[in-house]
Amino acid sequence: MKMEIKWQIIPQKFYNRDPSIVARELLGKLLIRIINSRMLGGMIVETEAYYGVDDPASRAYKGRKGKISGIMYEEGGVALIYMVHGNWLFNIITGPKGHPSGVLIRAIEPLIGIKYMLENRGIKDINQLTNGPGKLCKALNITGALNRVKVYSERSPIRVYMYRDINDKYIGRSHRIGVREDLPEPLRFFIKNNRFVSR
DNA sequence: TGTGTGATAGTCT
DNA sequence: GACTATCACACAT
């Protein structure tokens, strides 16, 4: 596949907003990962918003401090990657500096470098390639070494580009997955009828 | 230095 | 649907 269009990278200020708005608008955007000048990536189809201090599911809950939650206090557009249950989770920080919040990327639809992503996962089934947060990190070879990468920079190994605008009628929302104490609002956003959305 | 804790994935039934 | 392997981090000694 040849890419004739000139891609437009998403500016930093996009991320300096409320996490639920960023989570909603991140759907349909293109997530790109550069490895050894090779390009992998796909369209974001599922996200979840996390509110730092006020969110029982957040690692910054009640002002917890450490390497992980410390990054949540950074400015929007910074990558936060951490390990849970033996899997890496990829988040993008939102809101202005000093306001801990973020968006978890839960699933993408693989579009670019599918062959290499399958290799990274050691599988052959595209349907199982990136339909979960831990899976997509492994497919894209995202690890803790990429923490604090700026996803709005043309030089970064991880970037997010404009791709499609998704109409509201194609967007579903629900409570978050795997969270013990959830907030009342539905903070999980996904594209309806997309087969790469996790169950 | 040690222990408890999950925002999971994979496998088996 | 239920069970568990697995591991960096946070917090307590």
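A, B, ... follow the sequence lines: proteins, then strands. Residue 1 opens every chain. Atoms considered below: every heavy atom in the structure, side chains included; atoms not considered: hydrogens, waters and symmetry mates. Fair warning: this is a prediction, and the values are worked out from it, not measured in the lab.
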Specify the separation, in whole Å, of atom CD1 of A:Ile81 and atom P of C:dC7.
18 Å
For A:Asn193, give me all partners under side chain to side chain contact (heavy atoms under 4.5 Å, CB included), at least two apart in sequence or on another chain.
none
Dot-bracket line, read 5' to 3' along DNA chain B, where crossing pairs take [ ] and | marks a partner on another strand, Watson-Crick or G-U under 3.5 Å
||||||.|||||.
So if I take every side-chain heavy atom of A:Met83 and compare against C:dA8, B:dA9, B:dG6, which nucleotide ends up nearest?
C:dA8
Starting from C1' on B:dA7, measure out to CD1 on A:Ile93 and report it in whole angstrom.
13 Å
To the nearest Å, give me how far apart NE2 (A:His85) and P (C:dA8) are.
14 Å
Would A:Tyr82 pass as stacked on C:dA8, i.e. its ring centre under 5.5 Å from the base's six-membered ring centre and planes under 30° apart?
no
Quick one: side chain to side chain contact (heavy atoms under 4.5 Å, CB included) partners of A:Ser153, sequence neighbours excluded?
A:Lys150, A:Arg155, A:Ser156
A:Asp165 atom CG: more than 12 heavy-atom contacts under 6.0 Å
no
Check: residues 111-123 of chain A side-chain donor-acceptor pairs under 3.5 Å, at least two apart:
| unit_1 | atom_1 | unit_2 | atom_2 | d |
| --- | --- | --- | --- | --- |
| A:Asn120 | ND2 | A:Ala139 | O | 2.8 |
| A:Arg121 | NH1 | A:Gln128 | O | 2.8 |
| A:Arg121 | NH1 | A:Leu129 | O | 3.0 |

Is there any salt bridge (Lys or Arg N to Asp or Glu O under 4.0 Å) pair reaching into residues 80-103 of chain A, and which pairs are they, with sequence neighbours excluded?
none
With sequence neighbours excluded, residues passing side chain to side chain contact (heavy atoms under 4.5 Å, CB included) with A:Glu154
A:Ile9, A:Tyr161
Using a cut-off of 4.0 Å on non-hydrogen atoms, how would the nucleic acid contact of A:Arg121 be classed: base, sugar-phosphate, or nothing?
sugar-phosphate
Near DNA chain B, which residues from residues 16-25 of chain A have a heavy atom under 4.0 Å away?
none
What residues form a salt bridge (Lys or Arg N to Asp or Glu O under 4.0 Å) with A:Arg159, not counting sequence neighbours?
none
Less than 3.5 Å apart, which donor and acceptor atoms pair up between the side chains of residues 26-39 of chain A and the rest of the protein, not counting sequence neighbours?
| unit_1 | atom_1 | unit_2 | atom_2 | d |
| --- | --- | --- | --- | --- |
| A:Lys29 | NZ | A:Glu25 | O | 2.8 |
| A:Arg33 | NE | A:Leu140 | O | 2.8 |
| A:Arg33 | NH2 | A:Asn141 | O | 3.0 |

How many Å lie between CG on A:Leu104 and P on B:dA7, as a whole number?
11 Å
A:Trp88 CH2 to B:dA9 P: how many Å, rounded?
15 Å
Rounded to the Å, how far apart are A:Leu80 CG and C:dC9 P?
11 Å
Atom pairs and distances, side-chain donor-acceptor, residues 84-95 of chain A, under 3.5 Å, sequence neighbours left out:
| unit_1 | atom_1 | unit_2 | atom_2 | d |
| --- | --- | --- | --- | --- |
| A:Asn87 | ND2 | A:His85 | O | 2.8 |
| A:Asn91 | ND2 | A:Leu80 | O | 3.3 |
| A:Thr94 | OG1 | A:Ser101 | OG | 2.9 |

Between A:Glu46 and A:Ser198, is any side-chain donor less than 3.5 angstrom from a side-chain acceptor?
yes
To the nearest Å, give me how far apart CE (A:Met72) and P (C:dC9) are.
16 Å
Under 4.0 Å, heavy atom to any atom of DNA chain B: which of residues 128-136 of chain A qualify?
A:Gly132, A:Pro133, A:Gly134, A:Lys135
Residues that A:Glu74 engages under salt bridge (Lys or Arg N to Asp or Glu O under 4.0 Å), provided they are two or more places apart
A:Arg148
Measure CG/A:Leu89 against C1'/B:dT5 and give the value in whole Å, please.
14 Å
